[in-house]
Every structure is written in structure tokens, then in C-alpha cells.
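The following block contains the structure, expressed as C-alpha cells.
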Amino acid sequence: MGTERLRVRYRVAGPDMERHDQLPDEYRGGTMNMDVARLGGDLVRSAERDVSRQRERRRRRRLWTWFAVLAIPCVLMWWGLFEGAAFTGWPTVPDWFVKTIPLYIIVILVGLVLLVPLLGAGRSPHVLYRPSEIDIGLDDVVGAGAVKEEVVRSLNLFLAHKTFREGMGGTPRRAVLFEGPPGTGKTYMAKAMAKEARVPFLYVSSSSFQSMYYGQTNRKIRTYFKKLRKHARQEGGAIGFIEEIDAIAASRSGMRATPLDVGTFGVTGTAASDTGTRVEAAVHEGITGIVNELLVQLQSFDLPTTGQRIAGWFIDRLNRFLPEENQLRKPMPVPANILVIGATNRAADLDPALLRPGRFDRTIHFDLPSRGGRREIIDYYLDRKSHVDALDDPDRRDTLAAMTFGYSPVMLEHILDEALVWAVRDGRTAMTWRDIQQAKMTEELGLKQPVEYSAEEKHVIATHEAGHAVVAYLRGVGRKLEVLSIIKRREALGLLAHSETEERFTKSRDEVEGLIKIAFGGMVAEELWFGQSGTGAAGDLQAATRLAARMVGTFGMAGSLVSFDATQATLLSGDTIARVLADAQARPKVEEILESAKSEVELLLAQNRHLVEALCASLLEQEELLGEEIIEVLREAEAAQTFPQPALAEVAATLPHPDLRS
């Protein structure tokens, strides 16, 4: 890590002359040569930190102050010993004072009972963490990608604040907003920043500012920022973290943020396949006084200290007697080096005035980790948890990263902890791959709830789930089978869990149609083997209908380019699915998609009865198949099928629905 030579030139003419006069001596003369640490990229080195230099100056000043204070009694004591003066003992206490001590005690206690609650109501509710009390650093933040890079840049500006302000003429960032889904590492990152900067970390929850006394909430906010300024001046800097800041900074009445109109700016893009709604800024009737106080305090970093105010008071009085050209200058307040970090899951609810430059200067979005990010997080936590050697296989870890699409870092750690719990239940001290799969299913689908199925019902459920699995195996575009089970979990009597082989954020028409066909696999299997389907297909039909309606009204995959999402939903019109199904022209297209998918599934399962029967038999025997076990059963069934496949006409003749045989 090196440094760059930077030449900063100040042009002084006219109004700028006053600014030039206020610069430190080393900045005068028109030019300045200095070594500036890289403010972007790697973290600023310890020796180059303005924070470290200021902390060292404060430490030396503190030592000299104590030396001066203690030197006086030491000199007097040695002078007395040198002159031979004897110690005469403590002074005597008058009798009247001894008799009135109980009265003084009562008065003091009454005063404490009356005043302490009032004084404590305005106390800052923060918790102070010293760097030595924080056990995580930036090296422990993995899987964050570009977020970590932007955080390092902001931290560098904080550490080199004096160089950036006085040497380069910039204004350091006052506050940064961390926003994103729960569990994505916002608090984790803030603590790591304080650890790396080696400055006090003042953690506070927004709800702790609230008070039952009128005006005390604002007072707590003022006290909190006062503590921030105090610690920043003592330690060279301080980081304040406000958890769930939307609780005290919701948008005020009349401060509606204008929603982004994509067409206005001529911006087009690709929307993720699982979203179909437009997100706009929500407006809440926040407590105006609290928001105003927070806005004011974010501008209070350059308030003078108590000593500067006292000195300024005397200078003001003295300047009354001096002519204007000879008046004394009041001491200029030095801005406190503070970085406020606000965390929220609902950035759209915040007041627009809070997000303007000069308050929260930067908004950093913490998104769910990508597949590569999840792999880094899995490696980080697995290396710290007991596991068998098989989990060190890179392919196995890649598979786990693929299986956990949509997981946050906290959820990934929790899954591995739950896997350890499964290992402990079996009397083992290290987790296995099966423990991880069991933990994942338990978190996503619930605990196993074994029930006594009748032989007929168990056969129906096994056939139903086998039908889903065979269709996913043969027609699931880019799908990977994970779990096939007939064990009851929550409301599901059986289940098929499948995921994408490659992480995708969009879906093609073939992929969406493949999901619809998979949903029909269970219903069609029941009809082929038992002549009718039962109530177990209700959830499958709901999923298939929603996908087909999205194809018609959202994705433009059914011949019409009209989007039902273009009109905002109301209480009368309902959501997109309801509007599509209520439309006289759109509903027939939905039914056409569903009927076509069901017909193809009937032909597919009729041609591959041996696969369904093989999976059904395995489920009846083992009740649950995981990953490769499902594929192994299917491949064995394919290898055992030596006779040729029947022609489509012969297969269609066996279907239970004559109207679909064509």
C-alpha cells in the first residue's frame, strides 16, 4: 500500500483572501505538498490516519495536564518535609453539624427521588462499545462485494477527514444510510467499521429514544449527539449507529416523495421475474418535532465546545470596549469527526429532507448475497464450525450455495447452526451433508409431523409426489431435484423441493411453462393411476393459475402486450391475478395455457409410467429421498426399461379424458 503525491493549489483573490488567512501555516503560500493516503480502495494505514494523529495529541495533552495538576501538591509536600513542618491532623467537625447530618441526608434523598427521574428521562440511551469490545473486523465481512468496497471508501474519508477537509477542500460525509432486507449485515458492517477505525461505537435503537414525558424524546436525541461530539473530540472520531432509524425519521405530513417515473428519464431495464408490482415511497404521519430535531442535530457537528463558548462570552464583552479594527477574534469551532450510520429495512418511508446531501450523504443498499457471495459466507462459517471432511469438497459447497438462493448471511449461519443441532441429536460432534439438508427443510417447511396414513392414502400421496418429480425431471428447464417426501410438514402432506441449476433472475417462457407443468404432475398422476384426483391438488392448481395469469397480464407471453400492472391496484380491482381472471378476454387465455399444459403432462406421464411407479415404490419404502437418491431411482428405472416406448396414439387412447386425447 503506497501513497500518492498530491499538489493542492489555493488561488487567493478577493473574497478568497479571508479563507486563505484562515488556513493553517503549512497550507499557505499558494501551494502545498503532502502525502495523501489513498482515499479509495484499501483501508488507510494506521500511521496515515488523521484520527490516530488527533488521538495521540489528545493523549499527550492529557498526560501533561495531569502532570501539572499533580505537580503542585507534590511540590508543596516536599517543601513541607524540607522545612520540617509536621502534619497536624484533620480539622475538628462542629457538634451542630454532626447533629444535623440526618436532616441533610433526608433532604438529599428527597431531592434525588424528585430530580433523578426527570434528569434520567433525557439521558442518551446509547450503548458505548470500545474497539477492544468488538470482535469483528472488515476481514470478517465476506460475500458483500461492492458494498464492502463503498464502505471502505467512506471509512477512508472518515479516517483522513482533516486531510480531506483542509488539504483537499472537501466536505467529509456526515452520515451514511444502510438499507436493505433484514439479516443482510447492516449492523455487522457498522461494528466492523468501528473496529477498523479504532474509535468509540455508540449504538442506539430508535425505539429507545421514545419517552413518556413530553419533549424528552427530543432531549434524548440532543444528548446522544452531544455524547457523539464529546467522544469524537476525545478520541479523534466516533461512529454513531442508529438501528431502525425509520421509527423516528418517518416522512412528515406534506413531505411526499415524488415516485420515480421511468418513462420520464427514458430508462429501460430488465425486471426480475418474481416481481410484478411497482414500489413507491410510502408516506407516514411522523412526529414532526422528532424528525426536525434529528435534522437539526445532523447539522450540529461544528458546534463550539463549552470552553470555546465561555471564551467567546468574555471576548464579546471585551470587544465592546475595543474599536472595530482592533477587536479580538473568537475561537473558530473545529468540526467533530463523526460518522452517523442509520440502518433501516424501509428506506422509502424516510423523510426526504433526511436523505439530502449534507445529512445522509450516501445510501448503501445491502442486497441478498449472490451465489458467489453465498459461497464465501459458507466457507467462512464452515471453517469455524465442526463438520466432516466430505463438506470440504468444493462441489458440495457449490451445491449448498446454489440451494440457498435468496438466503441472507444470517440465514446461512443459522442453517449451519441448526445442522449442528441435528448432529448433536444423533450423538455426533460434527455436521454432515444430510444434517444440512434436514436443517434446511426444517427451516423452510417446518418440523416433521409423522401421521398415520391409511395404506390407500399413503399410496395416493406417494403417486402424487412421484408425478411432480417425474415431470420436473423430464420437463423442468434448468431445475434440480432436492427433496421428495411423503412426511407431513405443516400443511403439506408431501412435497417436492427443486431449485435452479444456475442462479437466474429472469425466466424464459419455456421455464415458466415448465413450472406450470410441474404443478400439474401430481394431479395428472392421481388421475392416471386412480381415475380421479383428490383435494391434494388445490395448492398446485393455485400456483399454476397464478403463473398462467402472470404470463397473460404481466409477462406478455400469451399474445397480448397489455400489462395489467400498468394500472395501479385499488381496493375494488384487487391485485394483478384478480384483474386478469376478471377480464373477459384474458381469462380464456389463462384457461388455454392451463389446459395445454395439463394435456402435455398427461401424455408425458402415460409414456413414463415406469418412472412414476419406481419413485412411488421408493417413497413408500423410505418416505423421503434426497438429491442424488431421487436421480438414482429414476436412472435405474430408465435402465430397466428395455421394451420400446409406446406410440403417442396408443398412449392417448389410455388417457382418462377423451376430450384431451387429440
Fill in the blank from the handout: Between S499 and the options E482, R479, K480, the side-chain hydrogen bond (donor to acceptor under 3.5 Å, both in side chains) test singles out E482
Problem - H231 side chain to R229 backbone, donor-acceptor under 3.5 Å - result: no
Practice task
Kindly confirm or rule out a cation-pi arrangement of R222 over Y224, judged by NZ or CZ under 6.0 Å from the six-membered ring centre and within 45° of its axis?
Solution key: no
Practice task
Can you see which heavy atom on E293 is nearest to which on N218, and at what distance?
Solution key: CG-O, 3.7 Å
Problem - M431 and W422, any side-chain heavy atoms less than 4.5 Å apart - result: no
Handout entry: Side chain proximity check, V127 to L202, heavy atoms < 4.5 angstrom
Key = no
Handout entry: side-chain hydrogen bond (donor to acceptor under 3.5 Å, both in side chains) between E243 and T187, worked out
Key = CA-CA 8 Å; E243 186 75 88; T187 305; 2.7 Å; yes
Problem - Non-hydrogen side-chain atoms of T442 and E418 separated by less than 4.5 Å - result: no
Practice task
Give the minimum heavy-atom separation between M441 and V483, together with the two atoms involved.
Solution key: SD-CG1, 3.0 Å
Fill in the blank from the handout: Value for CZ (R375) from OG1 (T399), rounded to nearest 0.5 Å, stands at 9.5 Å
Handout entry: Electrostatic pair R396-D379, nearest N-O below 4.0 angstrom
Key = no
Problem - W433 side chain reached by L626 side chain, heavy atoms, under 4.5 Å - result: no
Handout entry: Heavy-atom pair of closest approach, residues A190 and F201
Key = O-CE1, 3.6 Å
Practice task
Measure from the side-chain N and O atoms of Q299 to the backbone N and O of V296, and report whether any donor-acceptor pair falls under 3.5 Å.
Solution key: no
Exercise for the section: State, yes or no, whether a side-chain contact exists between S206 and I242 at a heavy-atom distance under 4.5 Å. Expected result: yes
Practice task
Report yes if the side chains of V176 and D361 come closer than 4.5 Å at any heavy-atom pair, otherwise no.
Solution key: no
Problem - Pairing of E150 and R153 as salt bridge, 4.0 angstrom limit - result: yes
Fill in the blank from the handout: Closest heavy-atom pair, G446 versus R489, reported as atoms and distance to 0.1 Å, is O-NH1, 3.0 Å
Practice task
Determine whether more than 12 heavy atoms belonging to other residues, nucleotides or ligands lie under 6.0 Å from atom CZ of R397.
Solution key: yes
Exercise for the section: Identify the two heavy atoms, one from F158 and one from N337, that lie closest to each other, and give their separation to 0.1 Å. Expected result: O-ND2, 3.1 Å
Practice task
Run the numbers on K191 and E196 for salt bridge (Lys or Arg N to Asp or Glu O under 4.0 Å), then give the verdict.
Solution key: CA-CA 9 Å; K191 288 185 176 181; E196 293 292 341; over 6 Å; no
Exercise for the section: Step through the shown structure and confirm whether more than 12 heavy atoms of other residues, nucleotides or ligands are within 6.0 Å of CZ on R425. Expected result: yes
Practice task
May I ask you to check whether over 12 heavy atoms, not counting those of K227, lie within 6.0 Å of atom NZ?
Solution key: no
Practice task
Evaluate the salt bridge (Lys or Arg N to Asp or Glu O under 4.0 Å) criterion for residues R428 and D435: first the C-alpha distance (whole Å), next the side-chain angles of each, then the deciding distance (0.1 Å), finally the verdict.
Solution key: CA-CA 11 Å; R428 291 178 281 108; D435 293 330; 2.8 Å; yes
Exercise for the section: Identify the heavy atoms of I377 and P409 that sit nearest to each other, and give their distance. Expected result: CD1-CG, 3.7 Å
Handout entry: Nearest-0.5 Å distance that lies between atom OG1 in T404 and atom NZ in K440
Key = 7.5 Å
Exercise for the section: Carefully, step by step, assess F301 and V340 under the rule side-chain contact (heavy atoms from CB on, under 4.5 Å). Expected result: CA-CA 11 Å; F301 296 173; V340 177; 3.9 Å; yes
Handout entry: Residues D417 and Y381: side-chain donor-acceptor under 3.5 angstrom
Key = no
Practice task
Starting from the C-alpha separation in whole Å, work towards a yes-or-no answer on side-chain contact (heavy atoms from CB on, under 4.5 Å) for Y380 and L412.
Solution key: CA-CA 11 Å; Y380 176 83; L412 289 172; over 6 Å; no
Practice task
Consider only side-chain N and O atoms of S205 and E244, and report whether a donor and an acceptor are under 3.5 Å apart.
Solution key: no
Practice task
Name the orientation class of the two ring planes belonging to Y203 and Y129 (parallel below 30°, tilted from 30 to 60°, perpendicular beyond 60°).
Solution key: perpendicular
Problem - Distance-only donor-acceptor check, side chains Q297 and S300, under 3.5 Å - result: yes
Exercise for the section: Considering only NZ, NE, NH1 and NH2 on the basic side and carboxylate oxygens on the acidic side, decide whether K186 and E179 come within less than 4.0 Å. Expected result: no
Practice task
Could you tell me the separation between the CG atom of L339 and the CG atom of L228, rounded to the nearest 0.5 Å?
Solution key: 10.0 Å
Practice task
Go through the structure and list residues passing side-chain hydrogen bond (donor to acceptor under 3.5 Å, both in side chains) with T306, not counting sequence neighbours.
Solution key: R309
Practice task
Just do the side-chain contact (heavy atoms from CB on, under 4.5 Å) check on I341 and I239 with the steps written out, would you?
Solution key: CA-CA 7 Å; I341 302 175; I239 294 179; 3.8 Å; yes
Problem - Separation of K220 NZ from R123 CZ (nearest 0.5 Å) - result: 9.5 Å
Practice task
Salt-bridge test for R130 and E235: reply yes if a basic N is under 4.0 Å from a carboxylate O, no otherwise.
Solution key: yes
Exercise for the section: For the pair V151 and M193, evaluate side-chain contact (heavy atoms from CB on, under 4.5 Å) and give the outcome as yes or no after the intermediate values. Expected result: CA-CA 8 Å; V151 165; M193 292 174 67; 3.4 Å; yes
Handout entry: Between E624 and Q438, a side-chain donor and acceptor under 3.5 Å
Key = yes
Handout entry: D139 CG to K148 NZ distance, which is reported to the nearest 0.5 Å
Key = 6.0 Å
Problem - Atom NZ of K230 with >12 non-hydrogen neighbours under 6.0 angstrom - result: no
Problem - Neighbour count above 12 (heavy atom, 6.0 Å) for D383 CG - result: yes
Exercise for the section: May I ask you to check whether E443 and Y407 show a side-chain donor-acceptor distance below 3.5 Å? Expected result: no
Handout entry: Atom pair CD1/CG of I631 and L484 - distance to nearest 0.5 Å
Key = 10.5 Å
Practice task
Give a yes or no on whether the backbone of K448 and the side-chain of K488 come within a donor-acceptor separation of less than 3.5 Å.
Solution key: no
